[in-house]
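These notes are about the structure you will find just below.
The figures that follow rest on heavy atoms only: side chains count, while hydrogens, waters and symmetry mates do not. Fair warning: this is a prediction, and the values are worked out from it, not measured in the lab. We name chains A, B, ... by the order of the sequence lines, and we start the count at 1 in each one.
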2 protein chains.
Amino acid sequence: MNEAGGVTTAVRGDGEASADEAPVRPMRADAVRNRRLILEAAEEVFAAQGVSAPIDAVAERAGVGVGTLYRHFPTKEALFEAIVLTRLEELVAAAAAGAERDDAGEAFFSFLRTFAGKLSNKHDLIDALGAEGIDIKSQCAGMAGDLESGVETMIRRAEAAGAVRDGITPKEVLGLVVGLCQATERPEFDGVSRQRMVDVVCAGLRPQA
Amino acid sequence: MNEAGGVTTAVRGDGEASADEAPVRPMRADAVRNRRLILEAAEEVFAAQGVSAPIDAVAERAGVGVGTLYRHFPTKEALFEAIVLTRLEELVAAAAAGAERDDAGEAFFSFLRTFAGKLSNKHDLIDALGAEGIDIKSQCAGMAGDLESGVETMIRRAEAAGAVRDGITPKEVLGLVVGLCQATERPEFDGVSRQRMVDVVCAGLRPQA
DNA sequence: CACTATACGGAACGACAGTTCCGGTTGTCA
DNA sequence: TGACAACCGGAACTGTCGTTCCGTATAGTG
């Protein structure tokens, strides 16, 4: 329902350790601190409760008022995307790394398990990747594209190595793993069950007799 | 002693098949008609939109007011359960039938495909079976138990026949298929993709080398 | 230390969904 | 046909959630 920029005011000098100096405009110290508190809180709350978590819960956990939260992120969705984007970046990096490895087959399946592991207890990511009917927005779309590219490379190479069944697409693989994780997250399953369910999907992706 | 029934007023003479003859009191003709209209509407609306569909949408589609709807079902959840229960019954029947077949392996996988097919476009069922954290209530719980029993029988027999991997539990199988369908329902997949994704899960359930 | 742009907090607003209530309608039976 | 109980419709109530507004507090500066 809006354009969704991602971040509002001139972000800057966020204490993220990087040395990126943009001489736009300095941010007040308390603002910087609160921004980080909000992001940390959102990370936890969204991970635990998914997109549907009330924004007040995030504000409360961060120890700020909702007004402050909206000063930093124009919309709930913007905040959610900021979190998801970070998570997606990790996955894209993992996919890119896997696409470089020599042992294509092992690289692919190892990535899948990493992927499933990263989704574990991250309801936000699962919600974002599993959003039915609703397209992932803005920057997330690009990230999702990057993720698919990485996976595609791994698939092609693993296929060539005879380690993966023919014809499967990255979208299908990602969809399967996301669906798997939605199932896997249910409280009725213990670690053993989860492991076995991941095994089932991995086994199904191997070349078929 | 008359609360948590699921149905409000003295239902009667509805095609329930059971022999429970309660000479309580007959239902007025228009009430019977409306009740069926509501159920039919709910079936369509919930299938298309899942649990989250507004109750007004059901009332409107049925051509009745919300008041009427609430006269027949004390709560949205009660109506939802009524729909899901019907759907679950079909699945239980299919599972029971499969448990009888001689070709245990084929019976199991054939059931799985039927299962996946029945979940197709039935967001209500997917929501109900995939409800995270929220337990399926009342009669649905019993039905879900019956479903598991049927699946368990099929699994054991298929295992004995060497057609299914060892150690898998009915809960895991059902979880996998529900997760699969959550993925499969996304609009980005066409029939070919869906088929392939079902194949992947089925293949993964076969005995592993 | 005073001053101001910046930032903060949280009450208030509007949208939406589930549920209740009650005046009016209608099927049913004598 | 008349009368009553069952039934209907939908406005109104309640609670939740996202978002806005504005008076107050404070970091940064001269």
Side-chain angles (χ1 to χ4, degrees), chain A residues 1-5 7-15 24-39 41-42 45-46 49-83 127 134 137, chain B residues 3-4 6-14 23-38 41-42 45-46 49-82 127 134 137:
Chain A
M1 310 278 206
N2 55 14
E3 35 285 35
V7 181
T8 17
T9 46
V11 194
R12 244 298 321 285
D14 97 17
V24 207
R25 212 172 17 177
M27 219 169 149
R28 239 170 68 172
D30 54 346
V32 175
R33 188 175 54 82
N34 279 332
R35 182 167 221 281
R36 213 177 51 204
L37 287 175
I38 290 169
L39 281 170
V45 172
F46 285 144
Q49 309 185 40
V51 223
S52 58
I55 209 105
D56 299 43
V58 176
E60 188 180 11
R61 179 158 197 109
V64 305
V66 271
T68 303
L69 195 154
Y70 275 93
R71 162 166 289 272
H72 289 280
F73 300 90
T75 225
K76 176 185 180 177
E77 197 181 323
L79 173 57
F80 186 72
E81 278 183 25
I83 302 297
D127 283 1
I134 301 155
K137 301 255 178 137
Chain B
E3 301 306 4
V7 181
T8 18
T9 46
V11 194
R12 248 289 327 277
D14 106 9
V24 211
R25 219 170 10 177
M27 223 168 145
R28 240 169 67 172
D30 55 346
V32 175
R33 188 174 54 83
N34 278 333
R35 183 167 220 280
R36 214 177 51 206
L37 287 175
I38 291 170
V45 171
F46 284 143
Q49 308 186 39
V51 224
S52 59
I55 209 103
D56 300 41
V58 176
E60 187 180 11
R61 177 157 197 110
V64 304
V66 270
T68 303
L69 195 154
Y70 275 92
R71 162 167 289 272
H72 289 280
F73 300 90
T75 227
K76 176 185 182 178
E77 197 181 324
L79 174 57
F80 186 72
E81 279 183 26
D127 283 0
I134 301 156
K137 302 254 177 139

Can you sort out the partners of B:Gln49 under side-chain contact (heavy atoms from CB on, under 4.5 Å), two or more places apart, ordered by chain and number?
B:Val45, B:Ala53, B:Pro54
Distance check needed: D:dC21 P versus A:Leu69 CG, whole Å only.
17 Å
B:Leu79 CG to C:dG18 P: how many Å, rounded?
11 Å
Where is the tightest heavy-atom contact between A:Thr75 and A:Tyr70, given as atom of each residue plus distance?
CA-CE2, 4.1 Å
Could you pull out all donor-acceptor pairs under 3.5 Å where a side-chain atom in residues 26-34 of chain A meets a protein atom, sequence neighbours excluded?
| residue | atom | partner | partner atom | Å |
| --- | --- | --- | --- | --- |
| A:Arg28 | NE | A:Asp30 | OD1 | 3.3 |
| A:Arg28 | NH2 | A:Asp30 | OD2 | 3.0 |
| A:Asn34 | ND2 | A:Asp30 | O | 3.4 |

Please give me the minimum heavy-atom distance between A:Val51 and A:Lys76, naming the atom from each residue.
O-NZ, 2.7 Å
Just the rounded figure in Å: distance from C1' of D:dC7 to CG of B:Leu37.
14 Å
What is the distance from CZ of B:Phe80 to C1' of C:dG18, rounded to the nearest Å?
15 Å
Please report, rounded to the nearest Å, how far the P atom of C:dG18 is from the CZ atom of B:Phe73.
15 Å
I need the CZ-C1' distance between B:Phe46 and C:dG18, as an integer number of Å.
12 Å
All heavy atoms of A:Ala82 vs all of A:Phe73, minimum pair found to be CB-CE2, 4.1 Å
Protein-nucleotides 27-30 of chain C N/O pairs under 3.5 Å:
| residue | atom | partner | partner atom | Å |
| --- | --- | --- | --- | --- |
| C:dG27 | O4' | B:Arg28 | NE | 3.4 |
| C:dT28 | OP1 | B:Ala29 | N | 3.0 |

B:Arg35 CZ to D:dA6 P, in whole Å, measures 17 Å
Heavy-atom nearest pair, A:Phe46 first then A:Leu79, reads CE1-CG, 4.0 Å
Euclidean distance, atom CD of residue A:Glu60 to atom P of C:dG9 [Å, nearest integer]:
13 Å
Across nucleotides 10-18 of chain D, 5' to 3', mark each nucleotide with B, S or - according to how protein heavy atoms within less than 4.0 Å reach it.
BB-----SS
Under the side-chain contact (heavy atoms from CB on, under 4.5 Å) test, residues paired with A:Ala62 that sit two or more places apart:
A:Leu37, A:Ile38, A:Ala41, A:Val64
Hey, is the side chain of B:Asn34 poking within less than 4.0 Å of OP1 or OP2 on D:dC8, counting only N and O atoms?
yes
Has A:His72 got a side-chain N or O lying under 4.0 Å from the OP1 or OP2 atom of C:dC8?
yes
